[in-house]
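Worksheet: the structure to be examined is printed underneath.
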Number of protein chains: 2
Amino acid sequence: MATDTRTRILDASAALLARQGYNATGVKQIVTEAKAPFGSVYHHFPGGKQEIGAAAVVISGKLYEQLIPAVFDNTPDLPTGVRWFFNGAAQHLVETDFADACPIATVALETASTSEQMREACAAVFNSWIAAGSEMQQTRGGLSPESARRLTIAMIAALEGAFVLARAQRSVEPLEVAGELVAEAAEREQSLGQRAVSRAPASDETSG
Amino acid sequence: MATDTRTRILDASAALLARQGYNATGVKQIVTEAKAPFGSVYHHFPGGKQEIGAAAVVISGKLYEQLIPAVFDNTPDLPTGVRWFFNGAAQHLVETDFADACPIATVALETASTSEQMREACAAVFNSWIAAGSEMQQTRGGLSPESARRLTIAMIAALEGAFVLARAQRSVEPLEVAGELVAEAAEREQSLGQRAVSRAPASDETSG
DNA sequence: TACTCGCTAGAGCGATCAATCTAGCGAGGT
DNA sequence: ACCTCGCTAGATTGATCGCTCTAGCGAGTA
């Protein structure tokens with residue numbers, strides 16, 4: 001029934017890193033939150049705090065990656081999905097009193113220049129999000145792989161930056177503005193993609 | 001000749017907070033870097049680390065705010081200015097080995113939920129950037145106050161988020177993609193604004 | 001010469017940090 | 001019954017944290 005010690009440590013770490021960042025989260029705090037014995041930490045994670053952090057970041061990344069299909073699979077088109085995505089983020093931010101935004105952004109900035117292990121873990125998460133978003137936009141939006149990748153990167157960047165502004169200002173305005181910017185870009189990309197598809201459903205480019 | 005102790009403390013703090021964030025920067029490290037006597041810290045800043053951090057954030061904010069006119073005043077039009085801005089950020093990021101991005105973003109995320117004093121200082125900086133960018137886009141791009149504010153917020157958000165991705169991935173691709181997204185939005189906004197201006201240079205809206 | 005006071009100077013406080021250490025529990029194998 | 005070993009358990013280490021404390025320097029005033 002109860003999850004094992006290792007899982008509890010990682011779950012607690014993921015939650016604490018998301019809310020406090022890396023440097024503000026202590027190993028003692030993690031084991032207290034996880035109701036885990038302190039001595040078990042360095043048995044399961046001989047690499048210490050960095051190994052815990054890297055593993056926790058990956059777990060958070062996989063969890064949040066599921067939000068992409070969860071939102072966009074129930075959406076009429078790409079731009080609407082983008083708007084739902086940003087609106088949902090804004091709503092969650094308000095509900096958590098502007099505490100829960102991106103689970104790894106703070107950690108990514110803190111550790112980008114100080115821990116190669118942590119930096120790589122964060123980069124891997126971002127890459128998985130980009131891959132998942134790109135595939136979604138290709139299959140559901142009819143975008144080319146290049147367009148899908150660029151629009152996904154832009155969407156994630158706009159979301160991350162809007163989180164920074166929103167948490168500092170305690171306002172969802174940045175999320176609304178950034179979301180609309182990306183949604184309008186998605187409208188143009190999708191109309192271009194669908195036009196190309198409907199014009200030449202299964203042929204190479206041969207028009208002049 | 002030599003700047004006074006208080007100024008040296010703030011300059012050193014601004015540099016350290018930009019590169020390491022708030023929690024990773026110690027007061028001892030600040031006075032060492034500033035070549036300042038430790039005892040002077042709590043004479044000049046009785047509020048302790050938070051007061052130093054808040055003042056340093058504001059100083060960094062004013063310094064970086066000057067980049068907006070410095071770039072956009074020498075640019076042919078708004079979209080070109082946006083591209084120069086993001087390209088310059090990307091170049092600086094590469095030159096500093098992906099260490100120097102936004103001077104306050106890391107601090108903003110770290111302290112948003114733990115120190116009201118720090119959060120307000122960061123929010124004030126972001127607001128001053130938004131005000132400066134909005135005014136620039138109104139005067140140079142012919143945008144309405146509302147459009148200028150929204151485009152500025154979007155630009156800052158895209159830049160901040162692209163920094164997060166770029167530092168984690170050690171790649172300027174996010175800056176290129178996000179910059180292009182904002183530049184294209186600026187193209188549409190400027191063409192709309194200029195069309196409106198040339199159509200009705202000094203009259204109220206009376207068209208149907 | 002006395003006195004004030006803004007500032008320098010750094011020793012030292014208690015608390016907390018990440019990490020190491022030894023000790024022992026307890027299920028599975030023989 | 002006995003042993004093994006994955007795991008629990010927490011005391012302890014040395015370093016560092018933000019901060020407080022007293023002492024004294026040195027320019028300005030009387």
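Chain identifiers are assigned alphabetically (A, B, ...) following the order of the sequence lines, protein sequences preceding nucleic acid strands; residue numbering begins at 1 within each chain.
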Mark yes or no for whether A:Trp129, through its side chain, and A:Gly61, through its backbone, hold a donor-acceptor pair below 3.5 Å. yes

Okay, side chain of B:Thr7, backbone of B:Thr3: is any donor-acceptor separation there less than 3.5 Å? no

DNA chain C contacts made by residues 108-122 of chain B, counting heavy atoms under 4.0 Å: none

Side-chain atoms of residues 162-175 of chain A: list all donor-acceptor pairs with protein atoms under 3.5 Å, sequence neighbours left out, distances to 0.1 Å.
| from | atom 1 | to | atom 2 | distance (Å) |
| --- | --- | --- | --- | --- |
| A:Arg167 | NE | A:Phe98 | O | 3.1 |
| A:Arg167 | NH2 | B:Ser113 | OG | 2.8 |
| A:Gln169 | NE2 | B:Asn127 | OD1 | 2.6 |
| A:Arg170 | NH2 | A:Asp97 | OD1 | 2.5 |
| A:Ser171 | OG | A:Glu173 | N | 3.0 |
| A:Glu173 | OE1 | B:Arg149 | NH2 | 2.8 |
| A:Glu173 | OE2 | B:Arg149 | NE | 2.8 |
| A:Glu173 | OE2 | B:Arg149 | NH2 | 3.3 |

Can you check side-chain hydrogen bond (donor to acceptor under 3.5 Å, both in side chains) on A:Thr106 and B:Glu110, steps first, answer last? CA-CA 6 Å; A:Thr106 310; B:Glu110 281 179 294; over 6 Å; no

OP1 or OP2 of D:dC19 under 4.0 Å from side-chain N/O of B:Tyr42: yes

Under a 3.5 Å threshold, yes or no: a donor from one side chain and an acceptor from the other, between A:Ser144 and A:Ser147? yes

Looking only at the side chains, is there a donor atom on one of B:Glu33 and B:Gln29 sitting less than 3.5 Å from an acceptor on the other? no

When you measure from the centre of the six-membered ring of B:Tyr42, is the NZ or CZ of B:Lys49 closer than 6.0 Å and no more than 45° off the axis? no

Classify every nucleotide of nucleotides 7-17 of chain D by which part a protein heavy atom approaches to under 4.0 Å, writing B for the base, S for the sugar-phosphate alone and - for neither, in 5'-to-3' order. SBBBB------

Rounded to the Å, how far apart are [X] [atom1] and [N] [atom2]?
X: A:Phe45; N: C:dA18; atom1: CZ; atom2: C1'; value: 15 Å
X: B:Glu51; N: D:dG18; atom1: CD; atom2: P; value: 15 Å
X: B:Ile30; N: C:dG10; atom1: CD1; atom2: P; value: 18 Å

Taking the side chain as every heavy atom from C-beta outward, state whether A:Asp73 and A:Arg140 have any atom pair closer than 4.5 Å. yes

